[in-house]
Amino acid sequence: MTSTASRPTTDRELTEIFAPVFDRIAAGALQREIDRRLPYEEVGWLREVKFGALRVPVEFGGYGASARQLFGLLIDLAAAESNLPQALRVHFSFVEDQLLAQPSAASRQWLRAVADGTLVGNAITEPGVGAVDRYRTALTPDGSGWRLNGVKYYSTGSLYADHILVAADKAGERVSILVDAGAEGVRQHDDWDGFGQRLTASGTTEFENVAVAEDRILGPGYGGPGATYATAYLQLVQLAVLAGIAQRAELDVRTWVTERTRTYTHAAADLPREDPLVQQVIGQLSAAAFTARATVLAVADRLDEVLDSGASDENALVALELASAQAQLGVIDIVLAATTRLFEVGGASIVSERLRLDRHWRNARTISVHNPAIQKARAIGDHLLNGTALPFAWSAGARGPQESGK
């Protein structure tokens with residue numbers, strides 16, 4: 001760390017620390033995609049520079065970064081490797097929970113651990129009907145401690161993590177548990193079969209009679225009643241990924257066009273980079289990347305205000321959630337259009353497997369189906385027209401009595 005012990009790290013200092021690491025990560029992104037090699041080494045590089053401790057206060061060994069700084073860097077990391085910010089999504093939310101829980105001894109302990117390189121993954125979503133009010137993963141008494149049993153899917157980032165944040169049922173109470181990733185009875189599988197974001201390690205995690213100490217039960221966590229900062233925060237990480245994808249797509253295509261000499265007999269110029277139609281497409285891709293980034297940072301500014309005031313004002317939380325939802329709809333449309341339009345600058349050669357430019361669309365399309373946009377658009381409209389509460393504690397699974405109004 002280059003920052004002093006008494007102040008948060010500046011934008012310039014953060015860039016000097018992380019830009020070289022992001023460049024190293026970006027250099028191998030295409031080959032990792034081709035080989036489907038999980039970026040364990042690259043996660044190690046991020047540990048070395050304490051990327052996971054961006055929001056940890058300087059007094060605990062972190063950078064003391066603002067939410068705006070964090071999300072700006074998440075966009076840059078996504079431009080280097082779009083899988084990594086998604087893999088770290090719950091880690092940063094966990095850190096935020098510890099910040100809001102200060103000055104407890106436990107929260108201080110975890111903040112110091114994060115500053116030392118600890119990373120947290122997740123095991124929240126379940127296959128089948130499991131949802132926030134009916135998880136089948138169960139915590140049961142065992143002498144002076146507890147035992148955890150169950151199966152989770154979409155355990156994004158947990159293969160890279162030291163601890164796994166698990167959502168479970170404790171005698172009808174919804175709780176979050178922090179389990180050591182290497183604990184006996186924990187089995188993780190890289191069986192995510194989506195056509196995009198293939199290296200997020202979003203597979204299955206099994207828990208079989210895993211011993212859990214009392215101090216690892218953290219309370220309700222995500223899914224508790226009432227308004228929360230967490231849904232907007234977690235959504236904004238996904239939007240930062242999309243903004244980073246747009247940034248990388250524009251750079252990759254611009255580089256390809258700049259080096260290209262082959263054109264068409266009926267083209268408007270001798271070289272593609274001099275063709276006004278090609279120039280138009282590059283301009284549109286650049287505008288998409290700019291707009292996506294600006295949108296994410298605008299919501300991050302609101303997030304800073306909410307977090308700085310303790311994330312306790314319900315009206316502010318609702319306004320933040322609405323802004324995040326509106327941003328989701330805008331960013332998805334912009335980035336999906338851009339990652340489709342980029343192919344217009346070339347002929348058959350631009351779809352070469354060697355280039356893998358399709359990965360930008362595949363990754364954007366995959367990240368966009370998290371928190372389906374059509375459900376979000378309907379919720380926004382219902383809220384604005386009828387005052388219906390925005391959905392904070394929701395999850396995938398069977399539609400239960402609470403949701404159906406029965």
Side-chain angles (χ1 to χ4, degrees), residues 1-25 42-78 80 84-85 87-121 157 160-163 165 178 215 218 228-230 232-234 236-237 240 244 293 296-313 316 320:
M1 269 176 68
T2 61
S3 60
T4 70
S6 60
R7 61 169 175 79
T9 316
T10 66
D11 290 351
R12 181 175 179 177
E13 289 169 338
L14 290 172
T15 298
E16 291 175 349
I17 293 166
F18 295 114
V21 181
F22 294 168
D23 288 343
R24 290 173 65 196
I25 291 172
E42 291 75 11
V43 171
W45 299 343
L46 294 175
R47 286 182 192 270
E48 289 173 4
V49 291
K50 299 186 179 184
F51 185 75
L54 273 167
R55 287 281 290 157
V56 174
V58 173
E59 63 187 286
F60 296 121
Y63 292 100
S66 65
R68 181 187 178 89
Q69 289 175 315
L70 167 63
F71 281 93
L73 288 168
L74 286 174
I75 293 170
D76 293 339
L77 176 58
L84 289 177
L88 295 171
R89 186 168 71 129
V90 170
H91 168 84
F92 284 110
S93 178
F94 172 80
V95 170
E96 215 62 61
D97 285 342
Q98 307 317 304
L99 292 172
L100 291 171
Q102 283 194 85
S104 75
S107 65
R108 293 196 299 269
Q109 172 192 339
W110 284 115
L111 289 171
R112 291 191 179 97
V114 168
D116 288 337
T118 291
L119 295 177
V120 176
Y160 308 126
D162 303 288
H163 307 290
L165 194 64
L178 204 59
D215 64 356
L218 305 182
T228 175
Y229 83 93
Y233 193 104
L234 293 168
L236 198 58
V237 177
R293 184 184 190 94
V296 170
L297 295 181
V299 181
D301 285 338
R302 294 193 179 199
L303 179 61
D304 264 321
E305 295 175 2
V306 167
L307 295 174
D308 288 347
S309 63
S312 58
D313 184 288
L320 174 64

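In this text, all values refer to a predicted model and were calculated from it rather than measured experimentally.
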### Task
Would you sort out whether Arg55 and Leu307 count as a side-chain contact (heavy atoms from CB on, under 4.5 Å), showing the intermediate values?
CA-CA 11 Å; Arg55 287 281 290 157; Leu307 295 174; 3.6 Å; yes
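- Side-chain contact check for Phe18 versus Tyr63: some heavy-atom pair is nearer than 4.5 Å.
- Considering CD of Gln102 and CG of Leu111, their distance stands at 5.5 Å, rounded to 0.5 Å.
- One finds a salt bridge joining Arg47 and Asp162 here, because a Lys/Arg side-chain nitrogen approaches an Asp/Glu carboxylate oxygen to under 4.0 Å.
- For the pair Glu13 and Arg7, the salt-bridge criterion is met [side-chain N within less than 4.0 Å of a carboxylate O].
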### Message
Under the criterion side-chain contact (heavy atoms from CB on, under 4.5 Å), I'd like the reasoning laid out for Phe71 against Val237: C-alpha separation, chi angles, the key distance, then a yes or no.
### Response
CA-CA 7 Å; Phe71 281 93; Val237 177; 3.7 Å; yes
### Task
Begin from the C-alpha positions of Arg293 and Asp76 and carry the test salt bridge (Lys or Arg N to Asp or Glu O under 4.0 Å) through to its verdict.
CA-CA 10 Å; Arg293 184 184 190 94; Asp76 293 339; 3.0 Å; yes
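- Looking at heavy atoms from C-beta onward, Phe94 lies in side-chain contact with Leu178 at the 4.5 angstrom threshold.
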#### Entry: side-chain contact (heavy atoms from CB on, under 4.5 Å) assessment of Leu54 paired with Gln69
CA-CA 8 Å; Leu54 273 167; Gln69 289 175 315; over 6 Å; no
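- Contact detail for Gly244 and Ala78: the closest heavy-atom pair is CA-CB, 3.8 Å.
- Expressed to the nearest 0.5 Å, how far CD of Glu59 lies from CZ of Arg108 amounts to 9.5 Å.
- Asp116 contributes atom CG, which lies 6.5 Å from atom NZ of Lys50 (distance to the nearest 0.5 angstrom).
- Using a 4.5 Å cut-off on side-chain heavy atoms (C-beta onward), Leu46 and Ile25 make contact.
- Considering OG of Ser66 and CG of Asp308, their distance stands at 8.5 Å, rounded to 0.5 Å.
- Inter-residue side-chain proximity for Phe51 and Leu73 is flagged as met; some heavy-atom pair is nearer than 4.5 Å.
- The shortest non-hydrogen separation linking Ala300 to Ala67 is O-CB, 4.0 Å.
- For the atom pair Leu84 CG and Glu42 CD, the distance stands at 7.5 Å (nearest 0.5 Å).
- Screening Thr228, Val306, Leu236 for a side-chain contact (heavy atoms from CB on, under 4.5 Å) involving Leu320 leaves a single residue, Val306.
- For the side-chain hydrogen bond (donor to acceptor under 3.5 Å, both in side chains) test, no residue two or more places apart in sequence or in another chain qualifies with Asp304.
- Residue Ala115 comes nearest to Gly62 through the heavy atom pair CB-N, 4.1 Å, listed as atom of the first residue, atom of the second, then distance.
- In terms of heavy atoms, Leu14 sits closest to Ala65 at CD1-CB, 4.4 Å.
- Within the 4.5 Å cutoff, the side chain of Val95 has no heavy atoms near those of the Trp110 side chain.
- Ser104 pairs by the side-chain hydrogen bond (donor to acceptor under 3.5 Å, both in side chains) definition with Ser107, not counting sequence neighbours.
- When side chains are defined from C-beta on, Leu234 does not count as touching Phe92, because their heavy atoms never get closer than 4.5 Å.
- Contact of the Leu74 side chain with the Leu70 side chain is registered, since non-hydrogen atoms from C-beta on lie closer than 4.5 Å.
- Across all non-hydrogen atoms, the minimal contact from Ser93 to Tyr229 is O-OH, 3.1 Å.
- Taking 4.5 Å as the limit, every side-chain heavy atom of Leu99 sits out of range of all side-chain heavy atoms of Val56.
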